[in-house]
Amino acid sequence: MPWRDHLDPYAIWVSEIMLQQTRVNTVVPYFERWMNMFPGISELANSTEADVLAAWEGLGYYSRARNLRLAAQIIMNEYQGRLPGDVKELIRLPGVGRYTAGAIASIAFKADEPTLDGNIRRVFARLFDIRESVDTPSGEKILWTLLNAELPEGRAGDFNQGLMDLGATLCTPQNPECGQCPLCGICQARAKGVQTERPILKSKPIQPHFTYVGAIIREGNRYLLVKRPSQGLLGGMWEFPNYRVVNEEAADKYLERLMAERYGVKVKITSKQGIFKHAYTHFRLTLQLYNVKILTDNLAVPDMCWVPADELLNYPMGKVARQISKTLKSNEKRQL
DNA sequence: AATGCGTGGGA
DNA sequence: TTCCCAAGCAT
């Protein structure tokens, strides 16, 4: 892992933020690009939000990128440009919670601090055969107490990383390889044969499904993009105008009405571009996409932009908008 | 306490 | 296809 070659606490911090809910193999190329683009805290603090969103595009959970930049500015202003090494100070930085603070303090600053992530939670729930839900405050309290008791003085960083590596390689959620596990002999769940029944997690609600309708608005070879509000889903990212609809059958009617309400322009659907499906963590969406002609000329909305097909991919977007952009770009080329 | 927040890979 | 979930955090 490239960040293990960096002794710089900044690099450890960046890697830990990127690794939140994200696999190592996904993170590696993003980490290397990021360290080239923002080699230190001052460069990151002097960047723009658009810069960090572009660097983060495709990695998901984009508030991480915005928070990383905001935290860099706080570190420049309040900590003389040096990342604090204390859990209590680290946790005050936006985007740094209990896990990340413990990881940075133990790995980058050699502090005797435990940490608790999804891997360690699973490993300890099996090692100690925890019989209650471990994704609750009371379950987590038990785990933190155990981790504090087991923490080897002077080697917390190795301890934390070793547990995470164990969880990522052998003590996996499905089909754990107990035969290869160095802790097999002291694993309480394994002794009872219940290792695949640990950890116990609360059941998750069913994902809802929503239908959206979107508009491709073209003027010559330029397309209209709009910027999402900086909070919430895909905050600060660009996309093609789209709206959630209630009635899937009447999607085209909704589109013309919503464009009038939102932008005050009259539009006419010229053709159907296609249907896009995507699964987010908490809902699935179907996007019905139409090519649209504007019948009026008073389109003026904040956070909108006319973009030539060649430049569409320069704007930070989520996966769906990126896929649409690639389609449009290849269409343009085919016509030439 | 419960929910919102992306994406990609594996079973 | 569908589900699970992966080095969590903010509100």
Side-chain angles (χ1 to χ4, degrees), chain A residues 1-4 11-31 53 56-68 70-71 90-108 114-124 133-141 143 157 159-169 171-176 196 199 201-210 228-237 239 277-286 316-323:
Chain A
M1 305 179 192
W3 42 90
R4 293 193 181 166
I12 304 296
W13 172 36
V14 170
S15 74
E16 291 300 343
I17 300 295
M18 287 186 171
L19 286 163
Q20 289 169 3
Q21 301 287 279
T22 311
R23 293 175 188 283
V24 169
N25 287 340
T26 305
V27 164
V28 169
Y30 283 90
F31 175 81
L53 286 178
W56 209 269
E57 185 185 277
L59 198 51
Y61 288 145
Y62 298 95
S63 66
R64 293 184 294 176
R66 295 193 298 273
N67 283 334
L68 208 41
L70 292 179
L90 283 167
I91 214 165
R92 294 170 56 185
L93 298 171
V96 178
R98 210 168 165 185
Y99 159 74
T100 306
I104 295 174
S106 64
I107 297 169
T115 193
L116 178 59
D117 74 327
N119 285 313
I120 298 178
R121 182 177 71 190
R122 182 173 58 256
V123 171
F124 262 51
S133 302
V134 289
D135 56 346
T136 64
S138 62
E140 291 190 350
K141 190 179 175 187
L143 292 172
F159 179 74
N160 292 334
Q161 290 189 75
L163 286 174
M164 288 189 276
D165 289 347
L166 187 63
T169 56
C171 195
T172 48
Q174 282 87 28
N175 309 318
T196 57
L201 302 172
K202 288 182 303 184
S203 63
K204 289 174 183 167
I206 310 269
Q207 290 179 346
H209 181 280
F210 299 131
R228 297 179 62 91
S230 63
Q231 304 290 325
L233 182 72
L234 300 170
M237 310 292 273
E239 66 183 6
K277 293 179 181 295
H278 186 63
Y280 293 99
T281 305
H282 294 284
F283 69 97
R284 294 171 179 277
L285 81 74
T286 300
M317 298 175 186
K319 188 185 172 186
V320 175
R322 205 164 66 230
Q323 187 183 337

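Residue numbers begin at 1 in each chain, while the letters A, B, ... track the order of the sequences.
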Look at all strands and tell whether [X] reaches a base, only sugar-phosphate, or nothing, counting heavy atoms closer than 4.0 Å.
| X | result |
| --- | --- |
| A:M1 | base |
| A:L93 | sugar-phosphate |
| A:V96 | sugar-phosphate |
| A:R228 | nothing |
| A:T100 | sugar-phosphate |
| A:G167 | nothing |
| A:D165 | base |

May I ask you to verify if any side-chain N or O of [X] is less than 4.0 angstrom from the OP1 or OP2 atom of [N]?
| X | N | result |
| --- | --- | --- |
| A:Y61 | C:dA10 | no |
| A:Q20 | C:dA7 | no |
| A:K202 | B:dA1 | no |
| A:H278 | B:dG6 | no |

In whole Å, what separates the [atom1] atom of [N] from that of [M]?
| N | M | atom1 | value |
| --- | --- | --- | --- |
| C:dA7 | B:dA11 | P | 15 Å |
| B:dA1 | C:dA6 | C1' | 23 Å |
| B:dG8 | C:dC9 | P | 22 Å |

- Message: Using the side chain to side chain donor-acceptor pair (under 3.5 Å) criterion, which residues pair with A:T22? Sequence neighbours excluded.
- Response: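 Residues passing side chain to side chain donor-acceptor pair (under 3.5 Å) with A:T22: A:R64.
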
[X] has an atom [atom1]; how far is it from atom [atom2] of [N], in whole Å?
| X | N | atom1 | atom2 | value |
| --- | --- | --- | --- | --- |
| A:W56 | B:dC5 | CH2 | C1' | 13 Å |
| A:H209 | C:dT1 | NE2 | P | 12 Å |
| A:Q231 | C:dA10 | CD | P | 13 Å |
| A:L285 | C:dT2 | CG | P | 14 Å |
| A:Y280 | B:dG6 | OH | C1' | 8 Å |
| A:R66 | B:dC5 | CZ | C1' | 10 Å |
| A:Q21 | C:dA6 | CD | C1' | 6 Å |
| A:F283 | B:dC5 | CZ | C1' | 10 Å |

Side chains of [Y] and [X]: any donor to acceptor distance under 3.5 Å?
| X | Y | answer |
| --- | --- | --- |
| A:E16 | A:Y99 | yes |
| A:T286 | A:K277 | yes |
| A:N160 | A:S106 | yes |

Set of salt bridge (charged side-chain N to carboxylate O under 4.0 Å, His left out) partners for [X], sequence neighbours left out:
| X | answer |
| --- | --- |
| A:R228 | A:E239 |
| A:R284 | none |
| A:R4 | A:D165 |

- Along DNA chain B (nearest heavy atom to each residue), the more 5'-positioned of A:L234 and A:T136: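 With A:L234 and A:T136 compared, the 5'-side residue is A:T136.
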
- When you match A:P137 and A:R322 each to their closest nucleotide on DNA chain B, which lands nearer the 5' end?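 It is A:P137, whose closest nucleotide lies nearer the 5' terminus.
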
- Message: Check this for me: does the side-chain of A:T22 come within 3.5 Å of the base of B:dG6 through a donor and an acceptor?
- Response: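 Pair found.
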
Would you please name every residue forming a side chain to side chain contact (heavy atoms under 4.5 Å, CB included) with [X], sequence neighbours left out?
| X | value |
| --- | --- |
| A:L68 | A:W13, A:I17, A:W34, A:L44, A:W56 |
| A:N119 | A:D117, A:R122, A:M164, A:A168 |
| A:S63 | A:R66, A:N67 |

- Message: Tell me whether A:H282 and B:dC5 count as stacked here, given that the ring centres must be under 5.5 Å apart and the planes must differ by less than 30 degrees.
- Response: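 Whether judged by distance or by angle, A:H282 passes, so it stacks on the base of B:dC5.
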
Given [options], identify the nucleotide with an atom nearest to the side chain of [X].
| X | options | result |
| --- | --- | --- |
| A:R284 | C:dC3, C:dC9, C:dA7 | C:dC3 |
| A:P173 | C:dA10, C:dA7, C:dA6 | C:dA6 |
| A:R64 | C:dT2, B:dG6, C:dA7 | B:dG6 |
| A:Y99 | B:dT7, B:dA1, C:dG8 | C:dG8 |

- Taking the side chain as every heavy atom from C-beta outward, state whether A:W3 and A:V28 have any pair of such atoms under 4.5 Å apart.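 A side-chain contact exists here, since the closest heavy-atom pair is under 4.5 Å.
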
- Less than 4.5 Å apart, any side-chain heavy atom of A:Y62 and any of A:M237?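 Yes; the side chains approach each other to less than 4.5 Å.
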
- Query: Of A:N67 and A:Q161, whose closest DNA chain C nucleotide lies nearer the 5' terminus?
  - Reply: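 Here A:Q161 is the residue nearer the 5' end.
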
Could you list all N or O pairs between the protein and nucleotides 9-11 of chain B that sit under 3.5 Å apart?
none

- Item | Those residues of residues 115-122 of chain A lying under 4.0 Å from DNA chain B by at least one heavy atom |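 Nucleic-acid contacts, sorted: none.
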
